[in-house]
Peer 1: 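Below is one structure. I have some questions about it.
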Amino acid sequence: MGTRIVKRPKLSFMERIYLGPVVKGLGMTIGHFFGTLRDVFNWKNKKTAITMQYPEERWDFKDNFRGAPALVMDQEQRGKCVACQICEFVCPPKAITIWPTEFDETNSVEKYPDRFEIDMLRCIYCGFCEEACPEEAIFLVKEAELVHADKRDFIHDKEKLYEMGGIRNDRIMKWKNK
Amino acid sequence: MSDNGHVTLTIDGKEATVPAGINVIEAAKQVGIEVPHYCYHPRLSVVGNCRVCLCEIEGVGQLQIGCNTLVRDGMVVNTTNERVSRMREGVMEFLLINHPLDCTICDQAGECKLQDYAVDHGSGITRFEFDKGKKPKNISWGDRVVFDAERCILCTRCVRFLDEIAGTDEISIDHRGEKSQLVVRGDGKLTSPYQMNIIDLCPVGALTSRDFRFKSRVWFMKFTPTIDTSDARGCNVVAGTRDNRMLRMVPRYNPNVNDYWMSDHGRLHYAFVNDEDRIVMPTAGGKPAPYPVALSRAQAVLEGARDEGILCVASSYMTNEELFALKGVCDALGVEDRYFLLPMGEGDDLLIHPEKAPNARGCRLAGFRDAPDDWSSQEFGALLYVKPRELIELPAEVIERCKKKVVFSLTKHASDVNIPLTTWVEKDGTMVSAGDRVQCVRQGMVYEPTLLTERVVLDRLHTLLDPAFKGASTAVLAFQRMADEHPALDGLTWLSVGLLGAKLNKAEALA
Amino acid sequence: MIQETRAMLEFADDPKQIELATYRKNGGYDAFEKALKEMSPDDVTQEVLKSGLRGRGGAGFPTGRKWQFVPKGNDKPKYIAVNADESEPGTCKDRVIMEQDPHQMLEGTLLAAYAVGATTAYIYIRGEFQKSIRIVEDAIDEARAANLIGKNILGTDFSCDIWVHPGAGAYICGEETALLTSLEGNRGYPRIKPPFPAVEGLWRCPTVVNNVETMACVTQILRRGGDWFAGLGCEGSTGTRLFCLSGHLKRPGVYELECSTDFTLRDVIEQIGGGTLSGAPIQGVMPGGSSFPVLRADELDCGFDIESVAKAGSSLGSGAIMVFDDTVNVRDVVLNISEFYSHESCGQCTPCREGSDWVRRMLKKFQTDGPDEGDIATLMDVTDKMDGTTICALAVAIVWPVQSFLKKYPEAFAEKVTA
Amino acid sequence: MLFVDILWKLLEIVLVAAVALPTTAALLVWAERRVSAFMQDRLGPNRVGPAGLLQPIADLLKFIFKEDVVPGHVNKAIYILAPALSLVPALLAFAVVPYARDMAILDVNVGILYVFSVSSIAVYGITLGGWASNSKYSLLGGVRASAQMISYELALGLSVVPVLLVTGETHLGRIVEWQAANGWLVLYLFPAWIIFLVSSYAETNRLPFDCPEAETELVAGYHTEYSSMKFALFFLAEYIHMITASALTVTLFFGGWHVPFFTLPEGGWGTTLSCLAFCAKTGFFLFLFIWVRWTLPRFRYDQLMNLGWKILLPASLGIIMLTAGGVALLAD
């Protein structure tokens with residue numbers, strides 16, 4: 001490694017006096033200043049301000065947005081989860097815990113989660129659970145703002161998860177054709 | 001060349017010398033090649049209906065099934081070439097076309113041969129575009145076995161097990177062709193005391209255990225090789241635990257004891273391990289006390305009763321190490337009356353043993369005497385009692401005749417000092433099973449982190465009584481110390497006992 | 001003009017032939033008596049070997065060789081099982097013998113029992129053949145009364161009893177090992193071979209399983225001599241055979257013919273069967289029953305013997321020559337065949353149990369909708385994987401006709417069916 | 001002096017020092033955040049009150065309610081004294097500024113000298129704050145502040161000398177009146193104004209000369225260890241310094257309360273208008289402070305010293321010579 005000497009460009013007098021660029025810089029910032037000011041007064045409907053006014057304006061999440069995981073129900077409002085525990089297995093931070101149980105013998109579907117908990121303080125929104133779910137029962141919904149005053153509220157239980165997930169119209173229906 | 005009843009053959013280019021009379025699957029196993037199979041089982045007759053063990057035998061035109069092809073000298077077997085794998089892929093495809101996509105709710109998932117072979121030998125895609133066949137699901141075959149006809153691949157292992165091993169011949173096949181379905185004769189409920197073995201035998205999830213059903217996926221579980229302690233047979237088992245709770249036991253192959261099987265009674269004999277009522281802290285005078293407090297109280301009780309005599313009653317559920325630790329305590333106190341309790345029941349010719357406790361022989365080895373049928377009306381200053389976990393108890397009047405009591409028990413027991421017991425899956429140790437075999441139990445879980453095993457507790461008590469005494473730090477060392485002391489264990493080491501157990505040296509000493 | 005050579009059917013047209021007296025008057029049981037008194041068991045086997053008789057059940061295994069496989073000097077009892085479970089579509093020859101000349105079969109059975117040293121013979125008759133069962137049972141009673149069956153037959157040391165066992169209606173019980181399992185009282189499941197029945201058959205004892213027609217041939221061989229039998233027909237297909245002509249023919253029926261390379265399969269169909277009933281051109285022929293490959297109309301000019309037909313790509317099998325003219329839809333034919341076999345699959349081996357039904361469903365789809373792209377290749381691959389991967393040959397009985405129909409009538413499966 | 005006059009003076013002091021200046025400073029904080037946001041295409045705080053105008057009050061509440069941490073390792077007395085020492089001179093300096101026609105809290109002859117002497121004290125607050133915090137960041141910030149202020153004090157002082165030369169006055173009110181009569185001084189002394197402006201930025205520790213704070217190097221410089229109201233006092237002091245500096249610039253170079261091309265009416269209305277004119281001009285320079293801050297990057301410390309000693313000092317000396325020469329020539 002040799003040393004390379006970088007030659008500094010020789011500055012002209014005007015450059016050295018520095019005032020010119022200062023004025024230029026001031027011109028630029030004031031331009032933006034007035035641009036944004038114009039936005040505030042809604043003048044000419046041209047947008048300079050790029051920031052979003054969050055609670056009023058919200059980001060339009062894309063469909064593949066990875067928000068909080070939630071459980072979904074089929075068209076007949078029955079939970080799709082069969083408590084196979086694969087999500088529990090793949091979950092990298094071990095945020096998911098499932099307690100499976102079974103229906104009585106007369107039911108066409110044998111297994112369902114008795115309790116299903118996702119600890120949102122552990123969840124890293126990786127989407128592995130959605131990826132792994134063979135029943136298409138767990139999805140990362142567009143819910144990203146989880147605010148609770150109590151830590152325990154961050155453990156989403158089955159009811160909360162189904163409430164968040166809602167109904168999903170889908171081909172896969174474990175209750176049908178069984 | 002063949003000699004001494006051995007033949008030499010080539011399997012996948014590997015030369016192997018194997019005993020004559022075995023089949024290609026077993027021969028391949030000996031050279032470390034796994035030939036997939038469903039219907040074949042080493043202890044059941046060969047029916048050759050799954051067709052997944054197809055191998056190419058050079059010189060034979062058609063592919064042959066490995067289970068029904070006996071090795072011959074000079075035979076050249078291919079188990080993996082293109083022709084074999086194509087046909088095997090075909091068989092896997094046939095097996096899977098009508099198999100329901102139940103892996104999500106199937107208890108077998110994770111230890112399912114169909115999954116394993118589908119990954120290893122299947123094509124990974126399906127060309128079957130029709131609706132899968134429908135068969136009844138979730139059929140109860142009595143209160144232990146649940147049957148799912150859709151998942152069944154009709155390997156007939158269960159049929160043959162009940163016919164050939166258990167001898168009850170309860171299952172048969174109804175209908176034919178793709179409608180074939182297993183049925184249980186009579187009222188559709190199994191009666192065999194060995195029926196749950198068919199759950200292990202079932203290579204797929206068609207037969208599941210009512211007891212273990214949906215409790216846990218197997219990949220979350222921890223498996224510990226240990227033995228069954230429901231009777232003196234000491235069937236080798238694998239105990240499955242999760243989150244420090246015992247979930248199931250399945251038999252572990254040991255040709256000298258239980259082969260591949262175990263009785264249902266032994267298999268279901270673990271509920272007390274997870275019992276919520278178990279005590280997790282010693283009590284002294286009815287109040288919770290940490291171990292040191294409880295032990296010094298026990299020391300005071302026992303030493304105070306030395307003159308009036310102490311009755312020591314051991315449990316035949318204890319390990320040898322614990323029994324020797326108890327023996328040490330008795331020696332230090334000069335206890336004369338040392339007995340143990342042994343529950344008896346019914347036995348059969350196969351695996352069920354009439355002695356319903358695992359270690360009566362160990363008790364005798366440690367110098368405890370069988371409890372008399374009628375206890376003398378002698379009064380004692382103190383009772384040192386390790387309570388057997390079930391089936392048998394010391395008669396109440398005997399307990400009453402002792403002024404003070406130090407009791408080890410699983411659940412609460414009225415006494416001056418009550419010390420919690422641990423179960424056999426919570427500790428390492430050895431037991432002496434029927435046939436005078438020394439076998440190991442191994443720790444698979446911890447019921448409560450604060451619990452100490454009886455061996456440690458008794459050794460500490462011994463140290464309190466005799467400050468010169470120093471207990472062994474681990475069960476392995478305790479066993480070694482015991483083996484050095486006792487002629488019947490002479491020459492045995494923890495390693496030589498190993499997974500399959502070892503015979504006692506001087507068995508007659510125990511008779 | 002091809003002529004029938006009647007040996008087995010010589011007296012079949014006589015309704016009295018089923019009676020022992022008539023049968024004896026026509027020379028019946030003479031050969032048996034002669035063999036019993038003058039020949040050793042080995043001589044009988046040698047005579048059959050000399051005749052070149054091949055099993056008439058379809059596989060064509062030399063009968064004498066099969067008998068030789070029975071281990072000698074074994075103190076286990078030995079058995080004869082006569083396979084009269086004639087269930088193959090298109091085959092109806094055994095029934096003719098049983099119903100019109102039952103003693104001929106019984107005599108052959110006794111000869112075979114004498115040759116291998118068996119003391120018991122079972123005739124496993126298809127359950128639906130109620131008339132055959134009755135006639136054969138009557139014939140056995142008559143023969144037993146005449147001391148031709150039973151203890152110390154005709155005053156010799158040889159004892160042999162014959163029992164009729166009606167089947168319960170499963171096609172698979174015509175397979176020899178399944179027949180034995182069924183005889184034992186179990187589900188008619190074929191068994192894995194080895195061990196072969198001749199070594200370990202009925203109740204794990206040596207057992208010879210032969211077809212009804214084979215037994216009738218044995219009678220003829222011993223009656224007229226092995227040389228006479230070998231002199232009929234042609235090399236590899238000696239003696240006479242019963243052929244069941246069926247399908248769209250003017251004169252369907254059972255005919256006793258010699259095999260020959262001098263005339264062709266087409267000649268037989270046209271001269272014996274009289275050509276198609278409607279006069280429409282022949283579309284295809286299944287020369288060995290429904291379980292063997294089909295021959296197109298232009299492939300019929302092959303010699304009329306086992307080797308020639310095999311060279312043409314099919315087999316004479318059990319001699320059931322089924323002819324269909326061009327008025328039928330090939331898709332219906334092949335679907336019908338696959339429906340039969342998938343219905344009759346015993347369900348033991350995976351490829352047959354699952355594959356037969358899959359094939360049936362694919363062919364059903366071909367028939368109603370026509371194949372999608374790649375379907376034909378899938379079907380060929382699936383049937384390939386059923387071929388030779390099962391215990392018995394029932395899977396093959398699906399594979400061969402289906403594959404041959406797909407290969408030989410590609411135009412019939414070329415396009416989708418439009419409503 | 002009449003009792004009423006004393007009362008009036010006291011009221012004036014209270015109004016200016018306790019109401020007007022802090023309020024302006026608070027508004028300035030708000031303006032700083034809004035303007036900087038606008039220049040960065042953001043909107044800035046607009047939640048509290050209309051257009052976020054109540055944000056400074058929210059900030060103040062926050063400062064009040066925050067925990068007042070006094071680190072254990074500080075020199076407690078000086079640590080507490082320093083913020084006050086920083087704020088008081090800023091308020092004092094404003095006393096002589098004529099914020100309207102004939103209006104100033106303190107009417108002294110040597111106004112300009114008073115300003116320099118008082119504002120020089122401000123450096124103690126910062127230096128002592130830095131030193132008393134007993135932390136390396138704070139100490140470095142304090143050292144830098146004292147060195148920087150001493151350096152630029154020179155240029156600042158020298159750049160005012162031409163004003164004195166031209167007007168011949170040290171009374172700020174009369175300097176303004178001179179300008180009202182003869183035209184704004186910036187027209188005569190443009191280079192001196194430039195030097196004054198640059199130096200005043202340096203004196204108030206504003207960008208591009210905020211080396212004493214220099215977040216990226218010194219965390220927060222001299223007030224690293226300060227929190228709650230003590231930090232708020234430093235904060236306030238900085239903004240009041242800005243106001244004072246702007247007011248002085250207006251007074252010395254931009255005609256103070258004078259409105260060009262317009263004759264102020266006599267009486268109360270004229271005074272009010274003059275005050276508004278003064279406020280408007282000061283407002284512009286305050287805006288300039290903010291504007292410059294969000295435009296120019298911070299000088300490196302050696303560049304800062306170079307600029308002060310090697311350029312501004314000689315330049316201001318040169319300007320004095322020229323002005324003196326010019327005044328001498330024109331006087332003749």
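What you see is a predicted model; the values in this text were computed from it and never measured.
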Peer 1: So for B/Val52, is it side chain, backbone, both, or neither that comes closer than 4.5 Å to the heavy atoms of chain C?
Peer 2: neither

Peer 1: Using a 4.5 angstrom heavy-atom cutoff, name the option from B/Leu54, B/Leu154, B/Leu70, B/Leu63 with the most pairs to chain C.
Peer 2: B/Leu154

Peer 1: Between B/Met87, B/Glu93, B/Arg127, which has the largest tally of heavy atom pairs under 4.5 Å with chain C?
Peer 2: B/Arg127

Peer 1: Given heavy-atom pairs under 4.5 angstrom as the criterion, report whether the side chain, backbone, both or neither of C/Thr389 touches chain B.
Peer 2: both

Peer 1: Is B/Ile97 in contact with chain C via its backbone, its side chain, both, or neither, using a 4.5 Å heavy-atom distance?
Peer 2: side chain

Peer 1: What distance do B/His175 atom NE2 and C/Cys346 atom SG have between them, rounded to the nearest 0.5 Å?
Peer 2: 15.0 Å

Peer 1: What distance separates C/Thr350 OG1 from B/Leu96 CG, expressed to the nearest 0.5 Å?
Peer 2: 10.5 Å

Peer 1: So B/Arg51 and C/Ile391, do their side chains get closer than 4.5 Å, heavy atoms only?
Peer 2: yes

Peer 1: Is it the case that the side chain of B/Arg176 and the backbone of C/His343 share a donor-acceptor pair, with hydrogens and angles ignored and the cut-off at 3.5 Å?
Peer 2: yes

Peer 1: Evaluate the side-chain proximity of B/Phe130 to C/Met362: yes if any heavy-atom separation is below 4.5 Å, no if none is.
Peer 2: yes

Peer 1: Can you establish whether the number of heavy atoms outside B/Lys132 located under 6.0 Å from its atom NZ is more than 12?
Peer 2: yes

Peer 1: Does B/Arg83, at its CZ atom, have more than 12 non-hydrogen atoms belonging to other residues, nucleotides or ligands within less than 6.0 Å?
Peer 2: yes

Peer 1: Is C/Asp381 in contact with chain B via its backbone, its side chain, both, or neither, using a 4.5 Å heavy-atom distance?
Peer 2: both

Peer 1: Do B/Ile173 and C/Tyr189 touch side chain to side chain, with heavy atoms closer than 4.5 Å?
Peer 2: yes

Peer 1: Between B/Asp131 and C/Arg361, is there a salt bridge with N-O shorter than 4.0 Å?
Peer 2: no

Peer 1: Which heavy atom of B/Ser180 sits nearest to which heavy atom of C/Gly347, and what is that distance?
Peer 2: OG-CA, 3.9 Å

Peer 1: At a heavy-atom separation under 4.5 Å, does B/Gln62 approach chain C through its side chain, its backbone, both, or neither?
Peer 2: side chain

Peer 1: Does CZ in B/Arg72 sit with more than 12 non-hydrogen atoms of other residues, nucleotides or ligands closer than 6.0 Å?
Peer 2: no

Peer 1: Distance from B/Cys155 atom SG to C/Gln348 atom CD, nearest 0.5 Å?
Peer 2: 11.5 Å

Peer 1: For a 4.5 angstrom cut-off between non-hydrogen side-chain atoms, does B/Phe94 reach C/Val382?
Peer 2: yes

Peer 1: Is the shortest heavy-atom distance from the side chain of B/Asn68 to the side chain of C/Pro194 under 4.5 Å?
Peer 2: yes

Peer 1: Please report the interatomic distance CG(B/Asn49) to CZ(C/Arg353), rounded to the nearest 0.5 Å.
Peer 2: 7.0 Å

Peer 1: Which region of C/Lys365, side chain (C-beta onward) or backbone (N, CA, C, O), has a non-hydrogen atom less than 4.5 Å from a non-hydrogen atom of chain B, or is it both or neither?
Peer 2: side chain

Peer 1: Test side chain to side chain contact (heavy atoms under 4.5 Å, CB included) on B/Glu129 and C/Asp375 and set out the steps.
Peer 2: CA-CA 10 Å; B/Glu129 52 179 6; C/Asp375 274 0; 3.8 Å; yes

Peer 1: For residues B/Val47 and C/Ile192, report the shortest heavy-atom separation together with the two atoms involved.
Peer 2: O-CG2, 3.6 Å

